[in-house]
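Encoded as structure tokens, the structure appears first; notes follow it.
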Amino acid sequence: MTANTEQRARSADVGIYSTTSEEVAAAGIALFYRQALLAVFGNLVGTTVLAAVIWNSVPKSMMAFWLLAMGLSLLVRTGLALGYRRTLPDNKEAPVWRTRLAVATLVTGGLWGLGGYLFWLPEFPIHKQLTLMLALVGVAATGSSTLASQGRLVSAFIVLVLSPPILRAFTMPEPGYWIIGAVAVVFMGILLRAAGNHHEALTESLQLRFDNAAMIRNLRESEGRFEALTEASTAAIAIIQDERYVYANPAATRLTGYCQDELREMPFWELLHPDDRESARRYDESCMAGAAMPERFEVSMITKSGDIRWLEFSAAAMMVDGRPAKVVAAVDVTDRRLTEEQLRKARDEAEAATRAKSIFLANMSHEIRTPLNGIIGMAELLELSGLNPEQREHLATIRTSGDALLVLINDILDFSKIEAGKLELESRNFALRPELESTLALYQPLIERKGLRLEASFAADLPQAVIGDSTRLRQILSNLLSNAIKFTPAGTIRVKVSRGDTPATASRFDFEVRDTGIGIPQDRLDRMFKAFSQADSSTTRQYGGTGLGLAICTRLCEAMAGGIEVDSREGEGSTFRFHIQLQPGVLPEAPPAAPPGPRAVPSSVKILVVDDNNINLRLATGMLAKLGLAADAATNGQEAVDKVREGGYDVVLMDMQMPVMDGIEATRHIRNLDLPVQPSIIAVTANAFDSDREHCLEVGMDDFIAKPFSLDDLRGKLASFQRPA
């Protein structure tokens with residue numbers, strides 16, 4: 001590969017405008033014509049000297065013919081050179097002019113060669129022979145210089161000038177001339193080689209001249225494009241070198257508030273907020289070192305007016321005047337940052353509100369369940385005493401109201417957990433049909449008391465066992481049954497259960513609860529599944545309820561990959577349909593047969609009741625008395641720890657929220673006591689969340705019982721007590 005070819009390859013690599021061979025050829029032709037008059041003058045001098053030396057030694061007619069032909073050829077070359085200067089042809093016309101001058105030049109070279117053949121006579125004196133040879137060599141050498149831009153033309157010219165005299169030297173009969181011919185051949189080869197090198201160098205020079213011009217043109221156009229792009233850009237663009245601005249576009253001056261001259265005199269770091277200068281410096285150093293860095297880098301900047309603006313930077317290394325620099329682009333993201341900050345603040349406030357709501361609900365649950373435990377529990381104890389019929393009726397009203405209040409609390413807590421996204425479904429095997437039948441059996445007495453009929457229809461292809469959350473399924477069905485009973489003054493309640501119609505929906509189970517009740521107006525159907533909504537305000541006054549039940553059913557169905565809908569006509573009844581997904585399961589192992597009748601609690605069991613609420617304390621000790629058990633009392637956790645340390649208690653009924661020391665901390669202290677036998681600690685909790693109950697077990701409690709609890713609940717917990725061996 002020649003140097004010219006390498007240069008053109010490099011030009012292509014850097015993406016500059018490439019020079020066409022037509023342009024280079026036209027430039028070579030122009031150089032050819034510029035040197036034509038010099039070549040004519042050299043030929044004229046050589047012709048004159050040669051004619052003067054050998055004029056008397058050759059026939060006059062031959063010399064006259066040669067001089068006339070040479071003069072004509074030189075005259076034609078002169079005319080062509082002058083005509084080219086007047087015409088100044090373009091690149092497309094240049095080859096025609098080259099051909100014209102080349103033909104004339106070759107004619108001149110041929111005349112010189114002919115003269116060398118005809119006029120080189122052995123009888124000439126040596127000085128005349130040398131003059132002839134020197135004239136021919138000079139003409140050939142001059143041609144290799146003036147014709148160097150034309151490549152093959154210069155070679156043809158040298159051959160035309162020197163070949164005839166060389167042939168003459170080899171054909172002379174006199175001895176010794178062959179040596180001159182051989183020397184001339186070597187010299188012609190040297191001239192041809194030199195002419196080739198000269199042509200390549202000249203062509204490369206022309207190519208470089210055009211390429212340099214193209215590079216300069218390209219550079220100027222690139223600078224123009226860069227300036228146009230940066231001037232029109234809304235992003236701030238700057239070139240930074242030696243930590244100072246060497247260029248800043250109008251967007252940068254508008255953003256910073258400084259003009260170009262002010263920025264050039266200001267170190268780059270002075271614009272940045274002090275909190276971000278060090279991190280930006282490290283980013284800059286890593287970027288200049290070529291390390292992999294994030295495409296975007298956010299920093300804060302202080303403008304000339306003192307405002308703080310947030311910028312998103314991107315940077316790239318470059319060279320300016322042979323020294324490293326970097327070009328940076330910055331976009332003002334202050335508004336976005338403010339929006340993100342507001343969103344983040346709103347999110348934090350929402351999360352804080354959710355946490356506060358959960359804490360509030362937990363506390364309210366505890367505060368409501370605690371007195372409710374006293375109401376329901378004391379009513380149960382009172383029911384065991386001797387009462388007349390009127391008193392029993394009043395007591396039944398108290399129990400019914402307490403149960404209704406408990407249902408309300410549970411609904412509110414369920415809905416709160418669903419809204420907070422804390423609802424977790426179980427996934428366990430259970431027998432589907434028995435679960436449904438037991439749910440219906442719970443409502444059978446109420447249906448009969450109201451004079452209604454209950455009809456149930458279960459599809460024959462229902463599987464024996466499924467996998468899912470049986471508790472939540474019972475909750476949905478119970479809510480719909482409760483509503484059907486509540487809003488049906490007379491008639492029938494029908495329950496239908498079936499499964500998906502096709503293999504693709506085999507895991508789908510469809511449920512239908514139909515009643516013959518008061519129905520729902522058509523314009524009220526769309527609000528039935530919204531929280532705190534009922535058909536109308538009079539419904540609440542007449543039938544009671546918060547309107548949360550159906551909203552909870554909707555969320556539970558959605559959580560189980562299903563849905564719920566209603567079809568109703570006022571005065572004709574309603575039909576609620578819901579479907580859920582349940583996977584095929586296996587029948588759970590049957591629990592071991594329970595011994596006949598409740599197992600008696602050993603009367604020797606030593607029990608400690610811990611509760612800061614005097615009513616609940618009296619309730620628990622009263623229930624224990626009904627079970628034939630005596631109990632000691634403690635009003636806070638610290639007192640409980642002290643009593644457990646002093647006396648050997650078998651069971652501790654531990655309240656959770658108490659002054660001085662709560663139940664969790666008291667349990668930890670008791671578990672750390674060096675006792676012969678640790679007591680069984682049963683948490684008596686009014687907390688409604690599963691996480692609170694799980695926490696009881698994590699800290700070392702053995703079981704828990706939820707407030708409000710009944711006498712049977714307490715008997716069952718104590719019946720499971722096993723005295724350590």
Side-chain angles (χ1 to χ4, degrees), residues 28-29 31-33 35-51 53-54 58 62-81 95-121 129-172 177-178 180-200 202:
I29 293 170
L31 181 62
F32 180 25
Y33 270 96
Q35 294 179 337
L37 293 179
L38 177 62
V40 168
F41 178 76
N43 279 272
L44 184 61
V45 171
T47 301
T48 303
V49 171
L50 181 61
V53 171
I54 64 174
V58 297
M62 184 183 297
M63 177 59 69
F65 173 79
W66 186 81
L67 288 174
L68 178 62
M70 182 65 74
L72 288 174
S73 71
L74 294 179
L75 186 62
V76 170
R77 291 173 68 183
T78 302
L80 289 172
V96 177
W97 286 87
R98 177 190 180 280
T99 301
R100 294 170 183 173
L101 186 57
V103 171
T105 301
L106 290 177
V107 169
T108 302
L111 289 173
W112 276 109
L114 178 63
Y117 186 86
L118 296 176
F119 301 148
W120 194 5
L121 301 175
Q129 293 187 28
L130 290 175
T131 300
L132 178 60
M133 286 302 298
L134 288 174
L136 293 174
V137 170
V139 169
T142 302
S144 68
S145 175
T146 58
L147 303 176
S149 63
Q150 299 308 302
R152 294 179 181 178
L153 178 62
V154 65
S155 300
F157 183 81
I158 292 172
V159 171
L160 284 175
V161 172
L162 295 181
S163 292
I166 290 174
L167 179 62
R168 179 71 171 170
F170 280 112
T171 57
M172 283 185 181
Y177 277 95
W178 67 270
I180 297 175
V183 172
V185 169
V186 173
F187 188 75
M188 184 176 67
I190 294 173
L191 278 180
L192 289 173
R193 179 62 180 169
N197 291 338
H198 191 185
H199 172 69
E200 287 188 1
L202 183 60

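Here, residue 1 is the first one in the sequence, and each next residue gets the next number.
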Where do [X] and [Y] come nearest, in terms of heavy atoms and distance?
X    : Y    : value
F170 : V185 : CE1-CG2, 4.0 Å
L80  : W97  : O-CZ3, 3.8 Å
S73  : V107 : CB-CG1, 4.1 Å
G113 : P165 : O-CD, 4.0 Å
L160 : G110 : CB-N, 4.1 Å
A39  : T146 : CB-OG1, 3.9 Å

[atom1]/[X] to [atom2]/[Y] distance, rounded to the nearest 0.5 angstrom?
X    : Y    : atom1 : atom2 : answer
T105 : Q150 : OG1   : CD    : 9.0 Å
L136 : I158 : CG    : CD1   : 13.0 Å
F187 : L192 : CZ    : CG    : 10.5 Å
T108 : L44  : OG1   : CG    : 11.0 Å
F65  : L118 : CZ    : CG    : 9.5 Å
T99  : L153 : OG1   : CG    : 10.0 Å

So do [Y] and [X] actually touch side chain to side chain, heavy atoms under 4.5 Å?
X    : Y    : answer
R77  : N43  : yes
I54  : M63  : yes
W66  : L50  : yes
L162 : W112 : no

Partner of M188 by side-chain contact (heavy atoms from CB on, under 4.5 Å), out of V137, I166, V161: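 So, applying the side-chain contact (heavy atoms from CB on, under 4.5 Å) to M188 and each of V137, I166, V161, only I166 qualifies.
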Atom CZ of residue position F41 - does it have more than 12 heavy atoms of other residues, nucleotides or ligands inside 6.0 Å?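 Open: at most 12 neighbouring heavy atoms sit under 6.0 Å from CZ of F41.
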Looking at residues at least two apart in the chain, or sitting in another chain, which of them share a side-chain hydrogen bond (donor to acceptor under 3.5 Å, both in side chains) with R168?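 Partners of R168 by the side-chain hydrogen bond (donor to acceptor under 3.5 Å, both in side chains) criterion come out as none, since no residue qualifies.
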